[in-house]
Amino acid sequence: MLKVSVISPESVLFEGEASSVVAPAYDGEIGILENHAPLMTLLGTGSLRLGGAGADKRFNIEGGFLQVVENNVRIVTEKATAA
Amino acid sequence: MAKGRELKGRIKSVENTRKITRTLEMVATSKMKRAQDRVAAARPYANSLAEVIAGLYSPDLAERFPLLRQPAKINRAAVILLTSNRGLAGGFNSNLIKEGRNLLRRLDGEGVETQLHVVGKKGLGYFKYIGREVASSRIDITDRPTAQNAAELVDGLIDQFASGAIDAVYVVYSKFISSLSTPPTSVQILPVTPPAAKGPRPDYLLYPSAEAILVELLPLYVRNAVYRGLVENEAAFQSAQRTAMKNATDNAGDIINVLRRTYNRARQAQITQEIAEIVGGSAALEG
């Protein structure tokens with residue numbers, strides 16, 4: 001499982017586990033699964049989806065970056081709302 | 001009983017004042033709690049940004065990024081002074097204004113041209129009163145400042161700094177260390193002082209590139225510094241107001257005690273006098 005946190009300037013919107021992450025990178029969508037190589041990418045505007053055992057979680061995000069280190073995924077974005 | 005009635009009136013009026021200050025104290029206490037939570041909630045974002053920028057930064061990049069440009073000499077600077085819209089918070093606003101004026105005086109002394117940006121009615125009122133020119137002012141930021149507010153405040157200054165129109169930007173706000181310690185502070189937010197890196201940076205795949213990421217993240221970092229100033233200032237304001245109102249409530253209690261004592265003494269003196277008169281009168285009748 002991936003440990004995911006979604007962080008906006010005002011608060012931490014989500015912190016928990018997910019099996020997959022699909023994020024809008026600056027040049028198109030990027031998908032992250034377990035054991036991904038360390039990665040940092042800029043984010044664009046669009047919807048972020050966290051796949052889990054239950055229903056998917058969705059957020060609308062704008063700008064910021066996504067960072068993957070050792071199955072920890074951190075999405076730090078300027079604007080984020082749960083969708 | 002003329003004096004007694006007067007005292008009764010004063011006791012009533014101080015009691016009413018105490019009712020008001022106590023209510024304000026309770027309101028400020030609950031607002032402070034919320035503001036404090038917001039300060040805490042803002043921390044992960046600030047830490048993540050600082051960590052990443054520290055990881056990507058290297059001194060030779062500084063030459064090429066406008067926001068990291070270290071001017072040889074500061075000729076023009078902008079100061080953002082954060083104050084509150086409301087008073088009744090003891091020395092909160094005057095401390096901030098004093099800190100702001102000290103900074104302005106120091107910059108003036110160094111021959112720096114300054115432009116002042118004021119947030120909050122209290123600061124604006126003061127600078128209007130002393131007749132200092134204010135470059136811009138905002139009085140519509142609520143007790144729940146948003147990241148959007150911070151962006152609106154500082155984006156123009158970021159552009160000016162990048163184009164070289166100004167050489168430094170400072171923010172003056174009350175740092176929220178704890179509810180009892182909220183010293184007014186001045187922080188230089190531009191040029192960006194990169195945070196110190198902790199440990200070696202992991203070997204990332206970087207998209208599109210370290211530089212492109214840095215270019216995008218530096219303005220975020222500056223905006224976030226202002227946002228933190230706003231939320232910490234708000235928390236500091238609420239705690240200052242709570243302290244001020246608590247002191248006022250305690251003080252009103254003391255005054256009520258003194259007034260009651262005076263009132264009771266006057267009442268007793270009068271009763272004693274009446275008894276003495278009656279006793280004297282009946283003694284005279286008995287002859």
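FYI, side chains are in, hydrogens and waters are out, and symmetry mates aren't considered; it's all heavy atoms of this structure. On a predicted model such as this, the values are computed, not experimentally measured, just so you know. Chain letters run A, B, ... following the sequence lines, proteins first and then strands; every chain starts at 1.
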Chemist: Using every non-hydrogen atom in the two residues, find where B:Pro44 and A:Val12 come nearest and quote the distance to one decimal.
Modeler: CG-CG2, 3.4 Å
Chemist: How many angstroms lie between OH in B:Tyr207 and CG in A:Asp27, if you round to the nearest 0.5 Å?
Modeler: 9.5 Å
Chemist: Where does A:Thr77 contact chain B at under 4.5 Å (heavy atoms): side chain, backbone, both or neither?
Modeler: backbone
Chemist: Measuring from B:Leu206:CG to A:Thr41:OG1, what's the distance to the nearest 0.5 Å?
Modeler: 9.0 Å
Chemist: In terms of heavy-atom proximity below 4.5 Å to chain A, should B:Thr146 be classed as side chain, backbone, both, or neither?
Modeler: both
Chemist: What distance separates B:Tyr45 OH from A:Glu78 CD, expressed to the nearest 0.5 Å?
Modeler: 4.5 Å
Chemist: Give, as side chain, backbone, both or neither, the part of B:Arg223 having an atom under 4.5 angstrom from any heavy atom of chain A.
Modeler: side chain
Chemist: Taking the side chain as every heavy atom from C-beta outward, state whether A:Leu42 and B:Pro208 have any atom pair closer than 4.5 Å.
Modeler: yes
Chemist: Crowded around A:Glu34 CD? As in, over 12 foreign heavy atoms under 6.0 Å?
Modeler: yes
Chemist: Donor-acceptor check, side chain of A:Glu10 to backbone of B:Ala41, threshold 3.5 angstrom: yes or no?
Modeler: no
Chemist: Going by atom types alone, do A:Gln67 and B:Tyr204 pair a side-chain donor with an acceptor below 3.5 Å?
Modeler: yes
Chemist: What part of B:Leu217 gets closer than 4.5 Å to chain A, counting heavy atoms only: side chain, backbone, both or neither?
Modeler: side chain
Chemist: Walk me through whether B:Val52 and A:Met40 qualify under side chain to side chain contact (heavy atoms under 4.5 Å, CB included).
Modeler: CA-CA 9 Å; B:Val52 166; A:Met40 178 145 31; 3.5 Å; yes
Chemist: Between A:Phe65 and B:Leu49, is there a side-chain heavy-atom distance shorter than 4.5 Å?
Modeler: yes
Chemist: Show the nearest heavy-atom pair for residues A:Pro9 and B:Tyr227, with the distance to one decimal.
Modeler: O-CE2, 3.3 Å
Chemist: For the CD atom of B:Glu216 and the CG atom of A:Leu43, what is their distance to the nearest 0.5 Å?
Modeler: 10.5 Å
